[in-house]
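Naming: A, B, ... by sequence-line order, numbering from 1 per chain. Below, each value reflects all heavy atoms present in this structure, side chains not excepted, and no hydrogens, waters or symmetry copies.
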Number of protein chains: 2
Amino acid sequence: MTAGSAPKWRRLEPDERREQIFVCAAELFGERPYAAVSTADIAARAGVARGLINHYFGTKRELYLAVVRRTLTLPPSAVTTLPDGSLTERTDAAVDWFLDMVSKQQKTWLAAITPEGIGRDEEVEHILDEADREAAGLVLEAMGFDRGDERWEQLIAIVRTYAGMVKAASREWLDRETLNRRQVHTVLSHVLRTLVADVIPRARTQSE
Amino acid sequence: MTAGSAPKWRRLEPDERREQIFVCAAELFGERPYAAVSTADIAARAGVARGLINHYFGTKRELYLAVVRRTLTLPPSAVTTLPDGSLTERTDAAVDWFLDMVSKQQKTWLAAITPEGIGRDEEVEHILDEADREAAGLVLEAMGFDRGDERWEQLIAIVRTYAGMVKAASREWLDRETLNRRQVHTVLSHVLRTLVADVIPRARTQSE
DNA sequence: GCCGCTTGTTGGCGAAGTGTCAAGAGGCGC
DNA sequence: GCGCCTCTTGACACTTCGCCAACAAGCGGC
């Protein structure tokens, strides 16, 4: 027995502690819906007093929003290298890149895109909006469009529409397993090609 | 002053009271996220004691699920009459019919398809699943497919993928107002046509 | 018209969850 | 070894939820 007085708890740098709590919260919010996760649960998993959560994040809801924000904001590993080449080559590459990314973070991704039953949450929606807009911009650039385009907002809207399909397709593939990767690839790249080649040119003429 | 002893409250038929509470709950759950609606709020709006909610629905959550179930289960006004004719005519008609329906129940529809930030809710997902499957079946039949098809499940999956796009497009149109009805129509019918004509035949050959 | 019974409805209690805050203790610096 | 800064705890006040025994609305019998 080393007579030492083992400290009851260890003192951490604020950033460190904050991150630790954040990670535990992210796990739990990924497993159960918001209302089914208590701050006591989070504190317990982090091995920390419940009050500390409020100290670092203010409110359970604020903590939740922080988790949502980080989870949905896609890592900037994004743009990287999409090849030049024919339209088909580029759409194929884009879809492939995306499916790779999704299959890596499978669990997180699925938890993040799962639709809720009913009841709108303004703040969450806003975060999702921004994330989608960002992703849509990257896709458009990869397809050879220019951010300066006069109808940029409209292009974004169309791609965001497509994003809805991408999310649904991901669920069919990873969650329900009703489609395999190749089938999902076929559907998504076909549709993306149709959008770029046929729909976008046509939509431009229908602004009013 | 009629000396009468005005009763403090009126006694209703169970079905009647149940419905009244249900309607108030549906309104509130449509306005705010689940956790931001208290049973006291619902009881207040219904002009009823809070305990009565538990008497009729057991739990706040059960009441919520009941609301979700009814809201997401589309009215059977669905099938009705989709014309024969060329593929283009049929896809156009299907998309038109759908956009009409959506624009009528705008508010409810938007509240129902709004995505949540993170955190999966098994039961809600299951309800959504069933609703989507039902809708997908109708679309497929309208497109001339047969429920007896050997790959019916796979077809359902593809159309459910498309449903994700439909929902996203509805938000762009009704909520963000970044696309007008004609543009949404163009996008959706184009894609639906592509799916039926090109993708589905191809996907069948990629089952493994 | 009064009374009694059925049952829809209320109101309060106990448990659980959340935010606040003053007091306590880890551990670096002198 | 001592003191101090501040990270961390634990308890308190308040809100919300599910439960249940008691209450009373109002129909039917006499």
**Request:** Could you pull out all residues at least two apart from A/Q106 that satisfy side chain to side chain donor-acceptor pair (under 3.5 Å)?
**Result:** none
**Prompt:** Between B/T39 and D/dT16, is there a side-chain N or O to OP1/OP2 distance below 4.0 Å?
**Reply:** no
**Of residues 22-38 of chain B, the positions that come close to DNA chain D - non-hydrogen atoms, cut-off under 4.0 Å** = B/V37, B/S38
**Item:** Contact list for residues 18-41 of chain A, test salt bridge (Lys or Arg N to Asp or Glu O under 4.0 Å), sequence neighbours left out
**Value:** A/E19-A/R70, A/E27-A/R45, A/E31-A/R45, A/R32-A/D41
**Prompt:** Considering only heavy atoms and no angle criterion, is a donor-acceptor pair shorter than 3.5 Å present between the side chain of A/R50 and the base of D/dG10?
**Reply:** no
**For B/E16, side-chain contact (heavy atoms from CB on, under 4.5 Å) partners two or more places apart** = B/L12, B/E13
**Request:** Name every residue in residues 9-17 of chain B that has at least one heavy atom under 4.0 Å from any atom of DNA chain C, in order of residue number, or write none if there are no such residues.
**Result:** B/W9, B/R10, B/R11, B/L12, B/P14, B/R17
**Asked** For DNA chain C, what residues of residues 51-68 of chain B have any heavy atom nearer than 4.0 Å?
**Response** B/G51, B/L52, B/H55, B/Y56
**Asked** How would you list, by chain and number, every residue that makes a side-chain contact (heavy atoms from CB on, under 4.5 Å) with A/E177, sequence neighbours excluded?
**Response** none
**Item:** With A/A40 via side-chain contact (heavy atoms from CB on, under 4.5 Å) - residues at least two apart
**Value:** A/S38, A/R50
**Prompt:** What is the distance, rounded to the nearest whole Å, between atom NZ of A/K8 and atom C1' of D/dC7?
**Reply:** 15 Å
**Prompt:** Can B/R133 and B/E153 be counted as an ion pair, charged N to O under 4.0 angstrom?
**Reply:** yes
**Pair listing, ring pair (Phe, Tyr, Trp, His ring centres under 6.0 Å) test, anchored in residues 32-51 of chain A, at least two apart** = A/F29-A/Y34, A/Y34-A/Y64
**Fill in**
Residues at least two apart in sequence or cross-chain that pass side-chain contact (heavy atoms from CB on, under 4.5 Å) with B/A136, listed by chain then number, are B/I156, B/V159
**Message:** Under the salt bridge (Lys or Arg N to Asp or Glu O under 4.0 Å) definition, can you give me all pairs with a residue in residues 91-104 of chain B, not counting sequence neighbours?
**Reply:** B/D96-B/R181, B/D100-B/R181
**Request:** Return each pair, listed once, that meets ring pair (Phe, Tyr, Trp, His ring centres under 6.0 Å) where at least one residue sits in residues 136-195 of chain B; pairs must be two or more places apart or across chains.
**Result:** none
